[in-house]
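Here is how names work: the chains are called A, B, and so on, in the same order as the sequence lines, proteins then strands, and each is numbered from 1.
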Protein chains: 2
Amino acid sequence: MQYINITMGASKSDFFKAKQNNTAILLKALGHPARIAIIEYLLKVNTCICGDIVKELPLAQPTISQHLKELKNAGLIKGTIEGTAICYCIDITAVEKLCTYFNNLHKKISAKQDECC
Amino acid sequence: MQYINITMGASKSDFFKAKQNNTAILLKALGHPARIAIIEYLLKVNTCICGDIVKELPLAQPTISQHLKELKNAGLIKGTIEGTAICYCIDITAVEKLCTYFNNLHKKISAKQDECC
DNA sequence: ACAATATATCGTAATATTGCAATATATTAA
DNA sequence: TTAATATATTGCAATATTACGATATATTGT
């Protein structure tokens with residue numbers, strides 16, 4: 001290997017395309033049951049505050065707060081300050097991106113499904 | 001908290017719904033740029049062997065092999081022994097699942113988008 | 001049988017993630 | 001101002017993931 005300054009343990013994001021990294025970030029954020037549960041709860045109630053999720057899921061408040069932060073950083077949810085609480089909801093833009101991504105993937109694969117091994 | 005035998009570090013999968021865990025497993029498998037790159041390469045060439053991906057991506061053979069294993073365990077790809085090599089291709093079933101999941105998500109959200117905070 | 005080819009597994013080092021108690025911050029209500 | 005409410009941050013312990021060199025395994029070709 002001739003790469004310089006590569007550390008073990010961390011992923012080699014620098015060597016992949018920006019779009020691939022962005023897609024991976026979105027999917028990684030959803031790659032945890034608690035965060036899927038949060039998204040599905042948000043889908044059901046439309047908007048909610050952190051405390052509602054704490055009541056709903058078997059996780060402590062700091063843990064929920066951390067998961068919300070990750071979902072927010074990935075762009076999957078957005079939060080609006082509402083008095084002493086923060087109102088969270090799903091960001092449709094991210095969902096649209098993922099929809100498009102998988103629809104495109106499916107379209108391309110089904111077109112040549114018979115060529116699979 | 002009154003849960004018994006909870007270890008630190010690991011996610012509390014036991015306390016979420018099976019379907020939520022399954023969805024998370026699929027998305028977690030795609031939540032890494034190398035695995036997205038593998039899927040996209042497979043989409044382009046339709047089928048390939050491990051060695052082809054090793055040539056394509058900036059990762060060593062054991063690392064590619066490990067990523068292929070994770071994609072295979074999640075059900076995203078399938079491998080068929082073909083002489084001395086293994087022929088990999090995308091499993092359309094998993095892609096269909098994800099397609100359906102996000103289309104459904106998008107449909108439900110866009111129906112009440114105005115209610116977002 | 002032996003060499004070549006292709007992939008998987010093992011062992012290891014390092015970073016990343018998960019989860020929570022304790023604490024900090026920030027707004028509202030009295 | 002003080003108490004109450006809601007969320008974020010810090011610090012820490014433990015597991016999980018990432019990556020790769022070395023090695024094992026398994027099939028093909030000679």
Side-chain angles (χ1 to χ4, degrees), chain A residues 1-16 21 24-25 27-38 47-55 57-74 77 79-88 117, chain B residues 1-16 21 24-25 27-38 47-55 57-74 77 79-88 117:
Chain A
M1 298 297 287
Q2 55 271 57
Y3 298 121
I4 299 157
N5 232 1
I6 298 301
T7 52
M8 284 174 140
S11 71
K12 297 171 74 171
S13 310
D14 293 350
F15 298 105
F16 297 101
N21 282 319
I25 286 169
L27 296 174
K28 188 179 184 181
L30 289 174
H32 190 287
R35 293 193 290 267
I36 287 287
I38 290 173
T47 67
C48 75
I49 64 173
C50 176
D52 295 334
I53 304 169
V54 173
K55 282 177 206 156
L57 301 185
L59 294 169
Q61 180 268 323
T63 309
I64 299 292
S65 187
Q66 197 176 312
H67 283 308
L68 285 170
K69 191 182 179 182
E70 282 176 64
L71 287 169
K72 196 157 172 286
N73 284 343
I77 61 170
T80 313
I81 297 170
E82 207 156 282
T84 167
I86 292 172
C87 179
Y88 285 104
C117 52
Chain B
M1 299 298 285
Q2 57 270 59
Y3 297 122
I4 298 155
N5 232 1
I6 298 302
T7 51
M8 285 176 140
S11 70
K12 297 171 74 171
S13 309
D14 293 349
F15 299 106
F16 296 102
N21 281 320
I25 285 168
L27 296 174
K28 188 179 183 180
L30 288 174
H32 189 287
R35 294 193 288 268
I36 286 287
I38 289 173
T47 68
C48 75
I49 61 172
C50 175
D52 295 335
I53 303 169
V54 174
K55 283 177 205 155
L57 301 185
L59 295 169
Q61 181 269 322
T63 309
I64 298 292
S65 187
Q66 199 175 312
H67 283 308
L68 285 171
K69 191 182 179 183
E70 282 177 63
L71 286 170
K72 195 158 172 287
N73 284 344
I77 61 169
T80 314
I81 296 170
E82 206 156 281
T84 167
I86 293 172
C87 179
Y88 286 105
C117 52

> By the 4.0 Å heavy-atom rule, please label E82(B) as base, sugar-phosphate, or nothing.
nothing

> Should H32(A) be listed as having a side-chain N or O under 4.0 Å from OP1 or OP2 of dG19(C)?
yes

> Rounded to the Å, how far apart are K12(A) NZ and dA14(C) P?
17 Å

> List in chain and number order the residues that pass side chain to side chain contact (heavy atoms under 4.5 Å, CB included) with A24(A), two or more places apart in sequence or in another chain; answer none if no residue qualifies.
P33(B), I36(B)

> CG of L30(A) versus P of dT17(C): gap in Å, rounded?
15 Å

> Which comes earlier along DNA chain C counting from the 5' end, the contact point of A10(A) or that of A34(A), where each point is its nearest nucleotide?
A10(A)

> Checking S11(B) now: which residues fulfil side chain to side chain donor-acceptor pair (under 3.5 Å) with it, not counting sequence neighbours?
S13(B)

> Quick one: side chain to side chain contact (heavy atoms under 4.5 Å, CB included) partners of T47(A), sequence neighbours excluded?
C87(A), C89(A), C117(B)

> If you compare every side-chain N and O of K28(B) against the phosphate oxygens of dT17(D) (OP1, OP2), does one of them come in below 4.0 Å?
yes

> Starting at the 5' end of nucleotides 2-10 of chain C, put B wherever the base has a protein heavy atom under 4.0 Å, S where only the sugar-phosphate does, and a dash everywhere else.
---BSBBB-

> Taking only residues two or more places apart in sequence or in another chain, which ones pass side chain to side chain contact (heavy atoms under 4.5 Å, CB included) with L68(B)?
I38(B), C50(B), I53(B), I64(B), I77(B), Y88(B)

> Rounded to the nearest Å, what distance is computed from the CD1 atom of residue I25(B) to the P atom of nucleotide dT17(C)?
18 Å

> Respond yes when some side-chain nitrogen or oxygen of H67(B) is under 4.0 Å from OP1 or OP2 of dA19(D), and no when none is.
yes

> Please compare I81(B) and G9(B) by the position of their nearest nucleotide in DNA chain D and report the one closer to 5'.
G9(B)

> Which heavy-atom pair separates R35(A) from H67(A) by the least distance, and what is that distance?
NH1-ND1, 2.9 Å

> Judged by atom type as modelled, is there a donor-acceptor pair below 3.5 Å linking the side chain of K72(B) to the main-chain atoms of G79(B)?
no

> Would you mind reading off the distance between L59(A) atom CG and dG19(C) atom P, rounded to a whole angstrom?
5 Å

> Write down the distance between CG (L57(A)) and P (dT7(D)), rounded to a whole number of angstrom.
14 Å

> Please name all residues satisfying side chain to side chain donor-acceptor pair (under 3.5 Å) with Q66(B), sequence neighbours left out, ordered by chain then number.
none

